[in-house]
K.L.:
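The structure's right below; bear with me while I get my questions together.
Atoms considered below: every heavy atom in the structure, side chains included; atoms not considered: hydrogens, waters and symmetry mates. The model shown is predicted, which means the values in this text are computed figures rather than measured ones. For the single chain, residues carry numbers from 1 onward in sequence order.
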Amino acid sequence: MNGGTGAPSELAGGPRPGAERFLLRLARALHESGAPSHRIEEAMAVLAPRLGIEGRFFSTPTSIFVSFGSEEESRTTLLRVEPTGVGLERMVHVDEVIAEVQADRLTPAAAIAQLDALAARPPRYGPVLTIAAYGLAAATVARFLGGGWHEVVVGALIGAQTGVFALLASRHRDAARVFEWIASFAAAAAAVGWALVFAPLVPAMAAVAGLIVLVPGLTLTVALTELATRHLVSGTARMAGAALTFLAIGFGLALGARLEPLVGAASVAAPSSPLPAWTEALALAVTPLALTVLFRARPRDVFVIAVAGAVAYGTQRVASQVAGPEIGILVAAFAVGLVGNLYARLRRRPAAVAIVPSLILLVPGSLGVRSVSALVAKEVVPGIEALFTLVVLAAALAAGILLANFVMPPRRPL
């Protein structure tokens, strides 16, 4: 269990007015942008001495502890926070505020005003565009999974359906708590229903593609990264959250699969007609458009997201063919980490802008869904095998990112 610390020896001539309030507001803003716990603590620990503050910081997915003053006379504040998705545009703006404060171009009071204005800013992407991004992401994943036209079209329809559920759940706290359970069963049931229209169809493939945005593969990777960096409480909590989401999605899909016998021959085990190779390149080209919206990045960042995604996908394909999937994931994650950190150095932007969307092309989240589905269906051995493979590949992914950070540090907390 680690906590970021602003060392007393680095204090810059006493606390600046409003510094403590600014640090509390900054901690919440970083969490709301989706920064992982070790990045939040590092950013706070770097900035606190510049403001003349001795502080200790400890972040988890649901709370942030901030202690100001010496260990003998410290004052501790608890911030209760809720887990949120990644908002890359907000992360960029928060990082800009940090840089301005570090360079003494912005007072803590002015920085608080900027953070408040950022929090009050309406979403860049409206509900229609967000739902379309869900559908587009699902369609491309269906292609990456080897689906045919039927699976791609139905995956897009189910993805859009999931996007509608996500928007509705975001407005009601109680609905958000059962969102994954409902969305996964609805996806499986819809896939079976669409099989009557788009026969023959592989319902399981279309349903998994339609739910891919909900699959917590990225959360699992972040959890393993936090555990590797000795942030044990945060990593364990995030791991438990990912496991519960996998359980919800897998259970919902397993229940929906019980409906497949109702459509008879319309449900098949493999696509009837594979798509030509050029469609895979097309899917890779349009995926950054969906990821830019889903990760709430700036439109101008679509290019770097596309480049990093192409590096991730291409490296993983080549390395996996040469040395196997584990080495392929490790090498691809290392390459993406280098691209992201190089981008951070050259553009003075968070490395997460390039790295996070690219990980979606690498994280084997569908293995977790298949594992739980198999276990619910009492297929114990295939379920355990899929689960073990998932953990190994996610560990390789986290190791690649950590190795890239060692070889080429981004020089910025985010």
Side-chain angles (χ1 to χ4, degrees), residues 1-61 63-71 73-79 81 84 86-119 222 225-226 229-231 234 340-341 343-345 347-353 355 405 409-414:
M1 181 176 70
N2 286 1
T5 303
S9 59
E10 301 176 1
L11 301 185
R16 295 171 59 179
E20 292 186 2
R21 182 166 172 259
F22 164 65
L23 289 174
L24 292 174
R25 185 66 187 86
L26 176 63
R28 185 179 294 276
L30 287 170
H31 191 280
E32 290 173 349
S33 70
S37 296
H38 61 289
R39 293 299 189 187
I40 294 175
E41 292 178 5
E42 182 180 352
M44 300 287 289
V46 168
L47 187 58
R50 295 298 301 266
L51 298 174
I53 297 291
E54 180 181 354
R56 285 155 293 280
F57 313 97
F58 178 68
S59 174
T60 76
S63 60
I64 301 174
F65 293 87
V66 181
S67 179
F68 295 120
S70 64
E71 293 184 359
E73 301 178 353
S74 62
R75 306 177 309 283
T76 302
T77 300
L78 166 64
L79 301 178
V81 291
T84 60
V86 177
L88 293 177
E89 180 174 17
R90 175 174 290 190
M91 191 181 295
V92 168
H93 291 311
V94 173
D95 184 65
E96 290 173 347
V97 172
I98 294 175
E100 292 294 302
V101 173
Q102 283 182 314
D104 293 329
R105 292 191 294 266
L106 206 62
T107 65
I112 292 173
Q114 288 199 12
L115 293 177
D116 291 341
L118 181 61
V222 172
T225 302
E226 290 178 336
T229 55
R230 303 300 186 267
H231 291 72
S234 181
N341 292 346
Y343 168 76
R345 285 170 172 247
R347 301 291 297 169
R348 299 185 179 275
R349 294 286 185 269
V353 173
I355 294 175
N405 290 338
R411 291 184 179 174
R412 300 176 70 88
L414 298 180

K.L.:
Is the closest side-chain heavy-atom distance between Leu24 and Glu20 below 4.5 Å?
P.N.:
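Sidechains of Glu20 and Leu24: no contact.
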K.L.:
Of the non-hydrogen atoms in His31 and Ser59, which two are nearest, and what is the gap between them?
P.N.:
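Answer, listing the atom of His31 first, then Ser59: CD2-OG, 4.5 Å.
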K.L.:
Of all heavy-atom pairs between Ala99 and Arg105, which one has the smallest distance, and what is that distance?
P.N.:
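For Ala99 and Arg105, the tightest heavy-atom pair comes out as O-NH2, 4.4 Å.
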K.L.:
With sequence neighbours excluded, what pairs up with Ala111 under the side chain to side chain contact (heavy atoms under 4.5 Å, CB included) test?
P.N.:
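Once residues adjacent in sequence are excluded, the partners of Ala111 under the side chain to side chain contact (heavy atoms under 4.5 Å, CB included) criterion are Phe22, Val97, Val101, Leu106.
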K.L.:
Where do Ala43 and Leu30 come nearest, in terms of heavy atoms and distance?
P.N.:
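Result for this residue pair: CB-CD1, 4.0 Å.
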K.L.:
Any chance you could measure Arg25, atom CZ, to Gln114, atom CD, to the nearest 0.5 Å?
P.N.:
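Answer for the CZ-CD pair, Arg25 versus Gln114, is 12.0 Å.
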K.L.:
Would you please classify the geometry between the Phe68 ring and the Phe57 ring as parallel, tilted or perpendicular, with 30° and 60° separating the classes?
P.N.:
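Geometry flag for Phe68 against Phe57: perpendicular rings.
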K.L.:
Would you say Glu32 and Val81 make side-chain contact, with heavy atoms under 4.5 Å?
P.N.:
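Side chain of Glu32 against side chain of Val81, heavy atoms only: no contact under 4.5 Å found.
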K.L.:
Is the closest side-chain heavy-atom distance between Pro108 and Leu51 below 4.5 Å?
P.N.:
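Counting from C-beta outward, Pro108 and Leu51 do come under 4.5 Å.
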K.L.:
Using a 3.5 Å distance criterion without hydrogens, assess whether the side chain of Gln102 forms a donor-acceptor pair with backbone atoms of Leu47.
P.N.:
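Absent.
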K.L.:
Give, for atom CD of Glu54 and atom CD of Glu71, the distance between the pair rounded to the nearest 0.5 Å.
P.N.:
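Atom-to-atom, Glu54:CD and Glu71:CD are 7.5 Å apart.
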K.L.:
Which pair of heavy atoms, one from Ala352 and one from Met91, lies closest together, and at what distance?
P.N.:
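Reported closest heavy-atom pair: CB-SD, 3.7 Å.
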K.L.:
Would you compute the distance between atom CD of Glu96 and atom CZ of Arg348 and round it to the nearest 0.5 angstrom?
P.N.:
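Separation between the atoms: 12.5 Å.
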K.L.:
Heavy atoms, side chains only, cut-off 4.5 Å: are Leu23 and Val66 in contact?
P.N.:
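In short, these two side chains do not touch, never coming nearer than 4.5 Å.
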K.L.:
So how far is it from His38 NE2 to Ile40 CD1, rounded to the nearest 0.5 Å?
P.N.:
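CD1 of Ile40 is found 10.0 Å from NE2 of His38.
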K.L.:
I need the minimum non-hydrogen distance between Gly18 and Ile112, along with the two atoms involved.
P.N.:
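Here Gly18 and Ile112 meet closest at O-CD1, 4.2 Å.
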K.L.:
Calculate, to the nearest 0.5 Å, the distance between atoms CG and CG belonging to Leu26 and Leu115 respectively.
P.N.:
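Those atoms lie 6.0 Å apart.
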K.L.:
If the condition is side chain to side chain contact (heavy atoms under 4.5 Å, CB included), which residues does Ser67 pass it with, not counting sequence neighbours?
P.N.:
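For Ser67 the side chain to side chain contact (heavy atoms under 4.5 Å, CB included) partners, ignoring immediate neighbours, are Arg56, Ser74, Thr76.
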K.L.:
How long is the straight-line distance from CD of Glu226 back to OG of Ser37, given to the nearest 0.5 Å?
P.N.:
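One gets 4.0 Å once the value is rounded to the nearest 0.5 Å.
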K.L.:
Would you please name every residue forming a side chain to side chain contact (heavy atoms under 4.5 Å, CB included) with Arg345, sequence neighbours left out?
P.N.:
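Side chain to side chain contact (heavy atoms under 4.5 Å, CB included) list for Arg345, sorted by chain: Met408, Pro409, Arg411.
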K.L.:
Taking all heavy atoms of Arg90 and all of Ala29, pick out the closest pair and write down the distance.
P.N.:
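In terms of heavy atoms, the two residues are closest at CD-O, 4.4 Å.
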